[in-house]
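Worksheet: one structure, shown below.
So that the names make sense, note that chain A is the first sequence line, chain B the second, and so on, each numbered from 1. This is a predicted model, so every value here is computed, not measured.
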Amino acid sequence: MSLKIYNTLSREKEEFKPITPGHVGMYVCGPTVYSDVHLGNCRTFISFDIIYRYLIYLGYKVRYVRNITDAGHLEGDRDEGDDKFSKIARLQQLEPMEIVQKYTLGFRHVMQLLNNLPPSIEPTATGHIAEQIEMTKQILKNGYGYEVNGTIYFDVEKYNKEQPYGILTNRKMEDLLEGTRELGGQDEKKGRLDFALWIKAKPEHLMQWPSPWGMGFPGWHIECSAMSEKYLGKKFDIHGGGMDLAATHHTNEIAQSQACYHTSPANYWMHTNMLTVNGTRMSKSLGNGFLPEELFTGNHPLLEKAYAPIVVRFFMLQTHYRSTLDFSNDALQASEKGLKRLWDAYETLNKFSMGNVQLASDPELDVKVNKLVNEFDEFMNDDFNTAKVLGNMFELVPVINSIKDGLIKTDAVSSATLTLLQAKFKAYLEDVFGLKNSSANNEKLGDVMELLIDIRKEAKTKKDFTTSDKIRNQLASIGINLKDEKGGEMSWDID
RNA sequence: GGUCCUGUAGCCGAGUGGCUAGGCAAAGCUCUGCAAAAGCUUCUACACCGGUUCGAAUCCGGUCGGGACCUCCA
């Protein structure tokens, strides 16, 4: 069964066919680094990290490009005034590039905590000014742009006469126009939907570069067009981002590429849904965004406790990427426990020694396990349905635990099945989903626990329950759970 | 107003017309020196009203509710 991807452009799932067999080019719109990323931003990057990892799992050689927007983003998109970096820089009396540096590092740190793989290339807008100017020149040359006082605008209405501008989100020109304000007297633009490719900078503007049209800075949309073309070519496989980018940013990217190169940039447009809080979208402008930091420390009025980054990642995997996901304390708590249960079973599974069982003594169970495991790929191939894969994994947890406890005989399933189970759990939990144990511990602690377990075992053998209980209770009070297992063994974990 | 998405058991959530995902919570039982963990069992839901169909949570129409986008935002 082949991979199917929901394409925003066609509004249906399509079979994935890469342009170059065996290779995938994927571009994802990254963060604008003028402030901390919030959890909603993180959701998108986690979703695409899973997609990236799964494509690698399938054997593709993937070039994953995710930009850092560090210039040009305007306040209010009125094509006037400061860009966001200059504004914050003035406020904090810093160089714009100090702002950029600070939040870029912060972003990468959070990505790492969430166990996202770094993209293959992470290009910045300021590093590609020349490319953006070139592209603007070409668009002008092709007749889709016009200059007004040193600012270059994209002529949307002209473009729309030749091809549908609102193709990505299925909107008609008239409807789009209805939703926009009238042009005021001081507006330079010809059309209400026109957007800036290059913006003339005022003298006091902190970030500006020379161009054929004077000093200025690039418009927001042109950077992604220029950088995706540079690293992935005029036409590549997947272009992704949050759903909020589809109507404006991605629509404009398509128009720019068409106007410049006469081709739509990507074959598959993927959009991840929003993270909500109490049913409302988490966003910077609404100020209801959770910072990862607040979550990891529990320092937020809506949170009862801190949650490990990996719990947050797991929480997001339980929902399909195209559904909205509501963020709540209860939901996170459920995820925390669920991940622990799943991971405990995974560690148990890894300790199984493979016998040499040719024939399963419980063929029915053997068939069931094979079916559940083989469905992992099937579900992922169906537009990356991580939630369903996890559902199957949880169905396998009782099987694993029962084998451990001797409730299911070791020869119930064949060695081949058990080997497959082990391999797929590893491949999915670690490689594709990028999960790990939520409770961090270190080797020294492990050694100490060995010692305590030894002492407790001795005490129990002597029926010295005062001592054995003391060890267990005191450990419990510092958050370490000691559990007796069948056969006298003991295991432990941290809350 | 336009373009879409959505309404699933206490909570979170998956869901391809027929085979009742899964997690968390709750209850009972088993195991156990006691506990925890684990296992087993129970709680069997699809906003409402029509329609199509042998059969609908799933398709169609309508009603009501929620949300996103159309302004910067992943």
| task | Choose from B:rC34, B:rA74, B:rC40 the nucleotide whose nearest atom is closest to any side-chain atom of A:P398. | result | B:rC40
| message | Regarding A:G30, tell me which of base, sugar-phosphate or nothing describes its non-hydrogen contacts under 4.0 Å with the strands shown. | response | sugar-phosphate
| message | Give me the distance, rounded to whole Å, that separates B:rC12 from B:rA47 when you measure between the P atoms they each carry. | response | 15 Å
| said: Would you measure the distance from the C1' atom in B:rC31 across to the matching atom in B:rU41 and give it in whole Å? | reply: 15 Å
| Integer angstrom distance from the P of B:rC64 to that of B:rC24 | 39 Å
| said: Considering every strand and a 4.0 Å limit on heavy-atom distances, what is the contact class for A:T319: base, sugar-phosphate, or nothing? | reply: sugar-phosphate
| query | Using the benzene-type ring in the case of Trp, are the ring centres of A:Y268 and A:Y6 under 6.0 Å apart? | reply | no
| What is the nucleic acid contact for A:L482, judged by heavy atoms within less than 4.0 Å: base, sugar-phosphate only, or nothing? | base
| task | Could you measure between the two C1' atoms, the one in B:rG13 and the one in B:rU6, and give it in whole Å? | result | 14 Å
| note | Checking B:rC12, B:rA38, B:rA14 against the side chain of A:N385 (C-beta onward), the nearest is B:rA14
| A:N481 vs B:rA36: side-chain N/O to OP1/OP2 distance below 4.0 Å | no
| If the P atom of B:rG65 is compared with that of B:rU8, how far apart are they to the nearest Å? | 16 Å
| message | Can you say whether a donor on the side chain of A:R472 sits under 3.5 Å from an acceptor on the base of B:rA36, or the other way round? | response | no
| said: Assess the residue pair A:L435 and A:L317 against the criterion (side-chain contact (heavy atoms from CB on, under 4.5 Å)); give the C-alpha distance rounded to whole Å, side-chain angles, the decisive distance to 0.1 Å, and a yes or no. | reply: CA-CA 10 Å; A:L435 295 170; A:L317 292 181; 4.2 Å; yes
| remark: A:Q318 has its side chain closest, among B:rG39, B:rG23, B:rC34, to B:rG23
| field | Within 45° cone of A:Y307 ring axis and under 6.0 Å: A:K305 NZ or CZ | value | yes
| said: Given the structure, check if the side chain of A:N329 and the base of B:rC12 hold any donor-acceptor pair shorter than 3.5 Å. | reply: no
| Which nucleotide, B:rA14, B:rA37, B:rA74, lies nearest any side-chain atom of A:S323? | B:rA14
| request: Using heavy atoms to find the nearest nucleotide of RNA chain B for A:V399 and A:P31 separately, return the residue whose nucleotide is more 5′. | output: A:V399
| remark: Applying the 3.5 Å cut-off to both distances, the Watson-Crick or G-U partner of B:rC40 turns out to be B:rG28
| task | Describe the nucleic acid contact of A:G40 in one word from base, sugar-phosphate, nothing, applying a heavy-atom distance below 4.0 Å. | result | base
| message | Can you measure A:D382 atom CG to B:rG15 atom P for me and round it to whole angstrom units? | response | 8 Å
| request: Quick one: label A:A247 by what it contacts on the DNA or RNA (base, sugar-phosphate, nothing), any heavy atom closer than 4.0 Å. | output: sugar-phosphate
| request: Look at A:N41 and B:rA74 and indicate whether a side-chain polar atom (N or O) is within less than 4.0 Å of OP1 or OP2. | output: yes
| field | Integer-rounded Å distance: B:rC72 P and A:D70 CG | value | 19 Å
| Can you find a heavy atom in the side chain of A:V65 that is under 4.5 Å from one in the side chain of A:P123? | yes
| request: Could you please name the option among B:rA38, B:rA14, B:rA74 that lies closest to any side-chain atom of A:D405? | output: B:rA38
| task | Compare side-chain N and O positions of A:N170 against OP1 and OP2 of B:rU3 and report whether any pair is under 4.0 Å apart. | result | no
| task | Could you check whether A:M274 gets within reach of a base, just the sugar-phosphate, or nothing at all, counting any heavy atom under 4.0 Å? | result | base
| request: May I ask you to say what A:M282 touches in the nucleic acid, namely base, sugar-phosphate or nothing, with a heavy-atom cut-off under 4.0 Å? | output: base
| query | Do A:D469 side-chain and B:rG33 base share a donor-acceptor contact under 3.5 Å? | reply | yes
| query | Using purine N1 to pyrimidine N3 plus N6-O4 or O6-N4 for Watson-Crick, or N1-O2 and O6-N3 for G-U wobble, both under 3.5 Å, which nucleotide pairs with B:rG61? | reply | B:rC49
| said: Output the rounded distance in Å from CH2 (A:W492) to C1' (B:rA35). | reply: 19 Å
| said: Just to verify, which of A:N273, A:N385, A:D383 counts as forming a side chain to side chain donor-acceptor pair (under 3.5 Å) with A:R322? | reply: A:D383
| Over-ring placement of A:R66 relative to A:F48, 6.0 Å and 45° cut-offs | no
| note | Taking B:rC70, B:rC34, B:rG39 as options, the one with an atom nearest any side-chain atom of A:R456 is B:rC34
| Does a side chain donor of either A:Y165 or A:N252 reach within less than 3.5 Å of an acceptor in the other side chain? | yes
| field | Nearest-nucleotide comparison on RNA chain B, the residue closer to the 5′ end among A:D484 and A:S328 | value | A:S328
| said: Using Watson-Crick or G-U wobble geometry with both distances under 3.5 Å, which nucleotide pairs with B:rC4? | reply: B:rG67
| Do the side-chain N and O atoms of A:R313 and A:N116 include a donor-acceptor pair separated by under 3.5 angstrom? | yes
| query | For B:rA25, does OP1 or OP2 lie under 4.0 Å from any side-chain N or O of A:K337? | reply | yes
| request: Report the nucleotide, chosen from B:rC24, B:rG13, B:rC70, that has the shortest atom-to-atom distance to any side-chain atom of A:L176. | output: B:rC70
| said: Any side-chain N or O of A:R341 below 4.0 angstrom from OP1/OP2 of B:rG39? | reply: yes
| field | Nucleotide nearest A:L245 when distance is taken to its side chain, options B:rA74, B:rG33, B:rA14 | value | B:rA74
| remark: Atom CD1 of A:I403 and atom P of B:rC40 are separated, to the nearest Å, by 12 Å
| query | Mind checking the P distance from B:rC60 to B:rU16? Whole angstroms is fine. | reply | 13 Å
| field | P gap between B:rU53 and B:rC48, integer Å | value | 23 Å
| task | For A:H38, answer base if it contacts any base atom (sugar-phosphate contacts may also be present), sugar-phosphate if it contacts only those atoms, and nothing otherwise; contact means non-hydrogen atoms under 4.0 Å. | result | base
| message | What is the distance, to the nearest angstrom, from the CG atom on A:L114 to the P atom on B:rA74? | response | 16 Å
| message | If I take atom CG in residue A:D244 and atom P in nucleotide B:rG67, what distance separates them, rounded to the nearest angstrom? | response | 17 Å
| request: Tell me whether the centres of the aromatic rings in A:H250 and A:H271 are closer together than 6.0 Å. | output: yes
| request: Could you check whether A:F465 and the base of B:rG33 form a stacked pair, meaning centres closer than 5.5 Å and planes differing by less than 30°? | output: yes
| task | For A:L407 and B:rU32, give me the distance from atom CG to atom P, rounded to whole Å. | result | 12 Å
| field | Spacing between A:H249 atom NE2 and B:rC70 atom C1', to the nearest angstrom | value | 17 Å
| task | Check whether any side-chain nitrogen or oxygen of A:S335 sits under 4.0 Å from OP1 or OP2 of B:rG23, and answer yes or no. | result | no
| task | Look through every strand shown and name the nucleotide pairing with B:rU20 as Watson-Crick or G-U wobble, where both distances are under 3.5 Å. | result | none
| Looking at B:rG33, B:rG13, B:rG22, which one has an atom nearest to any side-chain atom of A:E395? | B:rG22
| Is the gap between the ring centers of A:F327 and A:F290 under 6.0 Å? | yes
| query | Considering only B:rG13, B:rG23, B:rA36, which nucleotide approaches the side chain of A:K483 most closely? | reply | B:rA36
| What does A:L275 touch in the nucleic acid at a heavy-atom separation under 4.0 angstrom: a base, only the sugar-phosphate, or nothing? | base
| B:rA9 and B:rU63: how far apart are their P atoms, nearest whole angstrom? | 24 Å
